[in-house]
Enquirer: 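Sending over a structure as structure tokens; questions will come in a sec.
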Protein chains: 2
Amino acid sequence: MTTTKKAAPPSERRAHLIRLAADLFAEKGFRATTVREIADAAGILSGSLYHHFDSKESIGDEILRGFLDDVLDGYRRAVADVDDPRVAIERMVRSSTAALSRHRAALTMLQNDWAYFSAQDRFAYLRTAMKEIEQTWIDQLERGKQDGQFRADLDARLIYRLLRDILWIPTSWKQAQGKSWTTDEVVDGLLRLLFDGVVAR
Amino acid sequence: MTTTKKAAPPSERRAHLIRLAADLFAEKGFRATTVREIADAAGILSGSLYHHFDSKESIGDEILRGFLDDVLDGYRRAVADVDDPRVAIERMVRSSTAALSRHRAALTMLQNDWAYFSAQDRFAYLRTAMKEIEQTWIDQLERGKQDGQFRADLDARLIYRLLRDILWIPTSWKQAQGKSWTTDEVVDGLLRLLFDGVVAR
DNA sequence: CGTACCCGAGCAAGCGATTGGCCGGGTAGG
DNA sequence: CCTACCCGGCCAATCGCTTGCTCGGGTACG
């Protein structure tokens, strides 16, 4: 059980299979997706998947890692060399949105099956990453309060929690029905709502 | 298969079982919860559940119906005899929050397994109800724009979509970790954010 | 007796995962 | 050029287990 199995030969085929699996995870969630469905999408049998991966979880692992690395990298660059917290937050919002549209599956997995993943030692890095994300947001919100730019009665932690989840939202609209907005329209509407609210000044 | 099975004898025990199932659905989602887990929570065997319900889906059906009826009823009363759209929206926000805290499971089911439910004829009423909800929100937002109270450049449909999903968020915090906010704190913070944004005036 | 409730045992279907072997395209040695 | 070998990719079959659900029979209460 503890023997080191095949690590991760980064083949072309393998990457393609991950993309197929990610699409299914994005639509149905991780647990609700079966390895047989993934195999069907690839036009092979379920057993053949285990030539590339040693378990269904390792597929999920790879998807989640890629997502979090992307997000954290974006945040670090968003706050680097930026003094104005409002600018930093706007850059974080745009960075988040871009990353989320690149990793739609990871988000669905996190919100549907968070309890499943975070209970496993293998996915301990999830908690670590989430903490860094939270701290980054709170730092910028607090800075905005201190320099008088944001309302002094702002609960930074509460606003962060709301914001984080709000940012997830538009991702789930991607495949939805009818008239849809462009990414820019959504982000601009969101930023406007965040900074100014709906009331006319 | 098409024979009319037992309808729904509204017994005490039955209602209790639904509450137990709802708690599990709220934590793990509908599909991820097994009938055996529900039975375990009730201290009986899985087969014994089928004395009360003819399927797992009918349990879900009952939960979802109760939720939507509650929400729609609250909205209708929120907008009745109210001229000021800002007041109406505030009442809708508070009504939603109250309903959601009463039906935590229904919300989890809708966001985790929406694709699963809405694809079935049995749950066609889900789409109907969502349409009425959407129309109610948009009506009030448009009225606010017309009387100059809300920003004229507001995309009512976009704001509704954001708002609807934002309102669902705090529900999932209920069992979460650490310091938590009271319902009033969350609602007030939310309303403040909605109307005024984070920027100091 | 009847009704409400539940047990115990089990079913078919589907699940994730494993295994041994087939196949075709290199690559190397002669 | 031919032969021997390897190797990535996949199939076929199967394992042990869980899923939602069924059903005949039992028990306790009124």
Side-chain angles (χ1 to χ4, degrees), chain A residues 1-22 24-25 27-63 109 112-113 116-117 119-120 122-123, chain B residues 1-22 24-25 27-63 109 112-113 116-117 119-120 122-123:
Chain A
M1 288 297 178
T2 52
T3 59
T4 318
K5 300 197 172 183
K6 71 192 116 180
S11 93
E12 194 90 17
R13 184 71 172 133
R14 182 189 166 91
H16 180 232
L17 291 174
I18 290 183
R19 250 171 278 136
L20 287 178
L24 291 172
F25 293 158
E27 282 166 28
K28 315 184 44 181
F30 178 78
R31 291 159 96 173
T33 303
T34 71
V35 292
R36 266 167 258 259
E37 287 169 332
I38 301 172
D40 281 352
I44 61 179
L45 291 190
S46 70
S48 307
L49 279 179
Y50 290 83
H51 175 72
H52 304 272
F53 312 96
D54 56 333
S55 74
K56 178 183 163 188
E57 274 172 16
S58 64
I59 305 180
D61 187 278
E62 216 146 318
I63 294 174
M109 292 163 65
N112 278 12
D113 306 301
Y116 174 75
F117 287 121
Q120 300 177 240
R122 171 172 195 171
F123 295 98
Chain B
M1 290 295 176
T2 52
T3 58
T4 318
K5 300 196 172 182
K6 68 193 122 183
S11 90
E12 193 90 16
R13 181 75 171 132
R14 182 188 165 91
H16 181 232
L17 291 174
I18 290 182
R19 248 171 280 136
L20 287 177
L24 291 171
F25 293 158
E27 281 167 28
K28 313 183 46 181
F30 179 78
R31 289 158 97 172
T33 302
T34 71
V35 292
R36 264 169 257 261
E37 287 170 331
I38 301 172
D40 281 353
I44 61 178
L45 291 189
S46 70
S48 308
L49 278 179
Y50 289 82
H51 174 72
H52 304 273
F53 313 96
D54 55 335
S55 75
K56 178 184 167 187
E57 275 173 15
S58 63
I59 305 180
D61 187 279
E62 217 145 318
I63 294 174
M109 292 163 65
N112 277 12
D113 306 301
Y116 173 75
F117 288 120
Q120 299 177 240
R122 171 173 195 170
F123 294 97

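Only heavy atoms go into these numbers, but all of them, side chains included; no hydrogens, no water, no symmetry mates.
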Enquirer: Give me the atom names and distance for the closest heavy-atom approach of A:L24 to A:A41.
Expert: CD1-CB, 4.3 Å

Enquirer: Check the distance between D:dG20's P and B:D40's CG and give it to me in whole angstrom.
Expert: 12 Å

Enquirer: Measure CG/A:D54 against P/C:dG16 and give the value in whole Å, please.
Expert: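 That distance rounds to 15 Å.
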
Enquirer: How far does CD of B:E27 sit from OG1 of B:T33, to the nearest 0.5 angstrom?
Expert: 8.5 Å

Enquirer: Please report the interatomic distance CG(B:D54) to CD1(B:I59), rounded to the nearest 0.5 Å.
Expert: 9.5 Å

Enquirer: Which whole-number value in Å describes the distance from B:Y50 OH to C:dG10 C1'?
Expert: 14 Å

Enquirer: Given B:F25, which of B:D113, B:I63, B:L20 fulfils the side-chain contact (heavy atoms from CB on, under 4.5 Å) condition?
Expert: B:I63

Enquirer: Show your reasoning for whether side chain to side chain contact (heavy atoms under 4.5 Å, CB included) applies to B:L17 and B:I38.
Expert: CA-CA 8 Å; B:L17 291 174; B:I38 301 172; 5.7 Å; no

Enquirer: Run B:R13 and B:H51 through side chain to side chain contact (heavy atoms under 4.5 Å, CB included) and show every step you take.
Expert: CA-CA 11 Å; B:R13 181 75 171 132; B:H51 174 72; over 6 Å; no

Enquirer: So which protein N/O to nucleotides 7-9 of chain C N/O distances come out below 3.5 Å?
Expert:
residue	atom	partner	partner atom	Å
C:dC7	OP2	B:L45	N	2.8
C:dC7	OP2	B:S48	OG	3.0

Enquirer: Below 3.5 Å is the cut-off: list the nitrogen or oxygen pairs between protein and nucleotides 25-30 of chain D, distance only.
Expert:
none

Enquirer: Do B:F53 and B:R14 have side-chain heavy atoms sitting under 4.5 Å apart?
Expert: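 Side chain of B:F53 against side chain of B:R14, heavy atoms only: contact under 4.5 Å found.
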
Enquirer: To the nearest 0.5 Å, what is the distance between CD (A:E57) and CD (A:Q120)?
Expert: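 Going from the CD atom of A:E57 to the CD atom of A:Q120 covers 4.0 Å.
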
Enquirer: Could you state the CZ-P distance from B:R36 to C:dC11, rounded to the nearest angstrom?
Expert: 14 Å

Enquirer: Where do A:S48 and A:H52 come nearest, in terms of heavy atoms and distance?
Expert: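 Taking A:S48 first and A:H52 second, the nearest heavy atoms are O-CD2, 3.6 Å.
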
Enquirer: In whole Å, what is the span from the CG atom of A:L49 to the P atom of C:dC15?
Expert: 13 Å

Enquirer: Indicate, with a heavy-atom threshold strictly under 4.0 Å, whether B:R13 touches base, sugar-phosphate, or nothing.
Expert: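 Sugar-phosphate contact only - B:R13 comes under 4.0 Å of backbone atoms but never of a base.
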
Enquirer: By nearest atom, which of the nucleotides D:dC10, C:dC5, D:dG20 is closest to the A:H51 side chain?
Expert: D:dC10

Enquirer: Quick one: bend of the helix from C:dC1-D:dG30 to C:dG30-D:dC1 from 5 pairs per end, to 10°?
Expert: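 Rounded value for the end-axis angle: 10°.
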
Enquirer: Of the nucleotides C:dG16, C:dC5, D:dG9, which has the atom closest to the B:H52 side chain?
Expert: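 For B:H52, the side-chain atoms sit closest to C:dC5.
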
Enquirer: How close or far is atom P of D:dG20 from atom CG of B:D113, stated in whole angstroms?
Expert: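 Result: 12 Å.
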
Enquirer: If the condition is side-chain hydrogen bond (donor to acceptor under 3.5 Å, both in side chains), which residues does B:R36 pass it with, not counting sequence neighbours?
Expert: none

Enquirer: Ring pair (Phe, Tyr, Trp, His ring centres under 6.0 Å) with A:F117: which residues, sequence neighbours excluded?
Expert: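 Residues passing ring pair (Phe, Tyr, Trp, His ring centres under 6.0 Å) with A:F117: A:F30, A:F123.
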
Enquirer: Please pick, from C:dG16, C:dC5, D:dG20, the nucleotide with the shortest atom-to-atom distance to any side-chain atom of B:V35.
Expert: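 It is D:dG20.
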
Enquirer: For the pair made of NZ in B:K56 and C1' in D:dT22, what is the distance, rounded to whole Å?
Expert: 17 Å

Enquirer: Taking only residues two or more places apart in sequence, or in another chain, which ones meet B:K56 in a side-chain hydrogen bond (donor to acceptor under 3.5 Å, both in side chains)?
Expert: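 By the side-chain hydrogen bond (donor to acceptor under 3.5 Å, both in side chains) rule, B:K56 matches no residue at all.
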
Enquirer: Heavy-atom nearest nucleotide on DNA chain C for A:E37 versus B:L17: which residue maps closer to 5'?
Expert: B:L17

Enquirer: Any idea which of D:dC21, C:dA17, D:dT19 is nearest the A:S55 side chain?
Expert: C:dA17

